[in-house]
Undergrad: 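The structure under discussion is supplied below as structure tokens; questions concerning it will follow.
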Amino acid sequence: MSKFYITTPIYYPSGSPHIGHCYTTVACDAVARYKRAKGFDVLFLTGTDEHGQKIEDKATEAGLAPQAYADKIVNEFKKLWTFMNISYDRFVRTTDDYHIQTVQYVFEELYKRGYIYKSQYTGKYCKPCESFWTDSQLVNGKCPDCGRDVVETAEEAYFFKLSAFADKLQKLLESGNFLEPESRVKEMVNNFIKPGLADTCVSRTSFKWGVPVNFDEKHVVYVWIDALSNYISALGYHNDTYQDYEKFWPADVHVMAKEIVRFHSLVWPAMLMALDIPLPKKLYAHGWITMGDKKMSKSLGNVVDPFVLGERYGVDALRYEILREMPYAGDSVFVSELFLQRINTDLANNLGNLVSRTVSMVNKYFSGTLPQTRKADAIDTDLINFVKDIPAQVEEKINSMHLSDALEVIFNLISRANKYIDETMPWSLAKDENAKDRLATVLYNLLETIRISAILLEPFMPNTMPEVLHRIGANDDEKTWDSTYNFGTLHQDVTVNMGTALFPRINIEEEQKFLNPSGE
RNA sequence: CGCGGAGUAGAGCAGCCCGGUAGCUCGCCAGGCUCAUAACCUGGAGGUCGUUGGUUCAAAUCCUUCCUCCGCAACCA
């Protein structure tokens, strides 16, 4: 059996998870579910990156020990993933013992191999805030937090010889499709490699909340060696907790948002090269969910709270919306009105209503069970030919991470099915006693189209699609991914099940008031 | 001249790499239908494709000028 290893970044629990975290994670979840449906042995990893100054500070603010603070936020993440129906196989925390074991090994090994060396870290330091800032972070030369003066300070630190890998990295990025979309490659090469790749600081002595450097206890490992190592620590690379490294490494795809492309496309491959281990096959960097001209923040309240949105409109609707709206390469704008509109048009009117009207007709005209007799018509061929191409198209889109396009393809099929109802006018056929065979054929073709659509949609909407398949009376062996390639799989004398609306229509005006009480 | 991205119907986007007088979704208007979650189907109105100049028989698509917006520049998904 082929393996498939997909990862989200490990999230930084300095605050509660938000809709942005949801996009990355839901996207990975959809792909992971698709791969499982295709028969791959999937490992889907997510987790949290819990060390660093910021967590230490936040914990102090909250009057908690760093670990206790992290535990609290991590629970919120896990709660959200459960709520969002995320089928992750493993959850790695950088505070887990096995992870620390791996990080210490990696750090020491890089040191032994001469890729980590001791030097001086210089930066602007704000004494009252006890924080280092880079020149670019300063506001008018002052501390961005408190506005006071900063002083040039030097601190002993270890550095990773990123500069030694400049040529190799450039070659890696510019050849093939290691990093997508392509615009990111240009950013990395022009912004960082061409101007000269600087060695990167990988240890700190100014705070304690981190993995100790085992051969120099003043130091803790700083950010990226700690965080990036999660992708292999979670497989058991030089720790005893897991034994999956041989099987699952290299990763098939690391998914992330655009702001951490640098570390994944430069530091991470360089680390792996230095350790002489294989590189991940692909990095995919998506954009952000933005709020238009408004900053995404707590003050926006309901509009961006995934718990509120999922609770009120359904988790599948929320999953659908964020996956459908996010373009392959750019950002997406979250507009609550469009979100609600999309639920109504795509999910309620097109999909939900298609299932409803079809099941209802089988129920009405055949008491819920189709007869076996059939009578085909030329008009059916058009529909059937249309359906035939869809599964391959969807697979191609998912495999290349074009998830929005995959959904578009499936919804084109759903529209085609609605049109087929108008073309065949089953309500007319029902009035003609001699047209029963024909009527049964039309309804069967509709059920088949729905069956195939539902299977293709299941990775994206895993709550609702099993219910759709139940409504149309599909047996277990008629729910497999591969069966979507065979129009006519559903048993002929199928019995449907009536039910309430799968995606109830939303009163947009009212909901707008709920989501945007201030009327903005 | 730091780098990258974007400026296309009221809104959100595709098309641009491989030039041939614009396409999708929503909204709007008008028909059709009545199986269905007042849903569905058909048709229509609406854009001189940010700006300047150029290449070409022909440019949204290639080159150039300028303008505007967004992002990045050591840890916001």
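A quick note: this is a predicted structure, and the numbers were derived from the prediction, not measured. Values below: all heavy atoms of this structure, side chains included; hydrogens, waters and symmetry mates excluded. So that the names make sense, note that chain A is the first sequence line, chain B the second, and so on, each numbered from 1.
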Undergrad: Is it the case that B:C75 (base atoms only) and A:Tyr222 (side chain only) share a donor and an acceptor within less than 3.5 Å, ignoring hydrogens and angles?
TA: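 Per atom types, the contact qualifies.
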Undergrad: What does A:Asn353 touch in the nucleic acid at a heavy-atom separation under 4.0 angstrom: a base, only the sugar-phosphate, or nothing?
TA: base
Undergrad: So which atom in A:Ala274 and which in A:Phe160 form the shortest heavy-atom distance, rounded to 0.1 Å?
TA: CB-CE1, 4.3 Å
Undergrad: Looking at A:Lys208, I'd like to know if its NZ atom is crowded, meaning that more than 12 non-hydrogen atoms belonging to other residues, nucleotides or ligands lie closer than 6.0 Å.
TA: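 Check passes, neighbour count above 12.
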Undergrad: At less than 4.0 Å, is any side-chain N or O atom of A:Lys258 found next to OP1 or OP2 of B:C72? Yes or no.
TA: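 No, A:Lys258 has no side-chain N/O under 4.0 Å of OP1/OP2 on B:C72.
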Undergrad: Under 4.0 Å, counting only non-hydrogen atoms across every strand here, what does A:Lys194 touch: a base, just sugar-phosphate, or nothing?
TA: nothing
Undergrad: Report the residue (A:Phe263 or A:Trp427) whose heavy-atom-nearest nucleotide on RNA chain B is the more 5′ of the two.
TA: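 Result: A:Trp427.
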Undergrad: A:Tyr365 near the nucleic acid: base, sugar-phosphate alone, or nothing, with a heavy-atom cut-off under 4.0 Å?
TA: sugar-phosphate
Undergrad: Whole Å only: how far is the CG atom of A:Leu340 from the P atom of B:G27?
TA: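 These atoms are roughly 13 Å apart.
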Undergrad: Hey, does A:Ala430 reach any base, or is it just sugar-phosphate, or nothing, if we go heavy atoms under 4.0 Å?
TA: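 Counting heavy atoms under 4.0 Å across all strands, no contact is made by A:Ala430.
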Undergrad: Taking only the side-chain nitrogens and oxygens of A:Asn349, find out if one of them lies under 4.0 Å from OP1 or OP2 of B:C40.
TA: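 Answer is yes, contact under 4.0 Å.
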Undergrad: Just do the salt bridge (Lys or Arg N to Asp or Glu O under 4.0 Å) check on A:Glu408 and A:Lys397 with the steps written out, would you?
TA: CA-CA 10 Å; A:Glu408 187 181 5; A:Lys397 296 297 186 189; over 6 Å; no
Undergrad: Could you tell me whether A:Tyr11 contacts a base, only the sugar-phosphate backbone, or nothing, with contacts defined as non-hydrogen atoms closer than 4.0 Å?
TA: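 Result for A:Tyr11 = sugar-phosphate.
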Undergrad: Tell me which nucleotide among B:A36, B:C26, B:A77 gets nearest to the side chain of A:Ile260.
TA: B:A77
Undergrad: Rounded off to whole Å, could you give me the NE2-to-P distance for the A:His264 and B:C75 pair?
TA: 15 Å
Undergrad: As a test of reading the structure: which of B:U37, B:A74, B:C76 is closest to the side chain of A:Glu259, going by heavy atoms?
TA: B:C76
Undergrad: Counting side-chain heavy atoms from C-beta on, which of B:C26, B:C24, B:U37 comes nearest to A:Glu408?
TA: B:C24
Undergrad: A:Leu309 versus A:Glu321: any side-chain heavy-atom pair under 4.5 Å?
TA: no
Undergrad: Determine: side-chain N/O of A:Arg505 to OP1/OP2 of B:A39, distance under 4.0 Å, yes or no.
TA: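 Yes, such a contact exists.
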Undergrad: Which listed nucleotide (B:A36, B:C72, B:G4) is nearest to the side chain of A:Glu187?
TA: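 For A:Glu187, the side-chain atoms sit closest to B:G4.
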Undergrad: For B:C29 versus B:C76, give the span between their P atoms, rounded off to a whole number of Å.
TA: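 Per the computed distance, 47 Å lies between those P atoms.
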Undergrad: In whole Å, measure the gap between the C1' atoms of B:A9 and B:C26 for me.
TA: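 That atom pair is separated by 13 Å.
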Undergrad: Looking at every strand, decide which applies to A:Ser360 at a 4.0 Å heavy-atom threshold: base, sugar-phosphate, or nothing.
TA: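 Sugar-phosphate, backbone atoms only, no base.
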Undergrad: Within 45° of the ring axis of A:Phe366 and under 6.0 Å from its six-membered ring centre, is that where the NZ or CZ of A:Lys436 lies?
TA: yes
Undergrad: Quick one: label A:Asp226 by what it contacts on the DNA or RNA (base, sugar-phosphate, nothing), any heavy atom closer than 4.0 Å.
TA: nothing
Undergrad: Using heavy-atom distances to pick each residue's nearest nucleotide on RNA chain B, tell me which of A:Pro9 and A:Asp346 is more 5'.
TA: A:Asp346
Undergrad: Given atom CE of A:Met326 and atom C1' of B:A14, what is their separation to the nearest angstrom?
TA: 17 Å
Undergrad: What is the nucleic acid contact for A:Leu502, judged by heavy atoms within less than 4.0 Å: base, sugar-phosphate only, or nothing?
TA: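 Result for A:Leu502 = base.
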Undergrad: Cation-pi between A:Lys78 and A:Phe91: NZ/CZ under 6.0 Å from ring centre and within 45° of the ring axis?
TA: yes
Undergrad: Would you say the rings of A:His219 and A:Phe107 are close, in the sense that their centroids are separated by under 6.0 Å?
TA: no
Undergrad: So, is A:Lys431 close to the B:C35 phosphate, meaning a side-chain N or O under 4.0 Å from OP1 or OP2?
TA: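 It does not, given that no N or O in the side chain of A:Lys431 lies less than 4.0 Å from OP1 or OP2 of B:C35.
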Undergrad: Using a 4.0 Å heavy-atom cut-off across all strands, classify A:Thr200 as base, sugar-phosphate, or nothing.
TA: base
Undergrad: B:G4, OP1 or OP2 - any side-chain N/O from A:Asn190 closer than 4.0 Å?
TA: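 Result: yes.
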Undergrad: Of the options B:U37, B:C35, B:A74, whose atoms approach the side-chain atoms of A:Asp422 most closely?
TA: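 Selected nucleotide (nearest to the side chain): B:C35.
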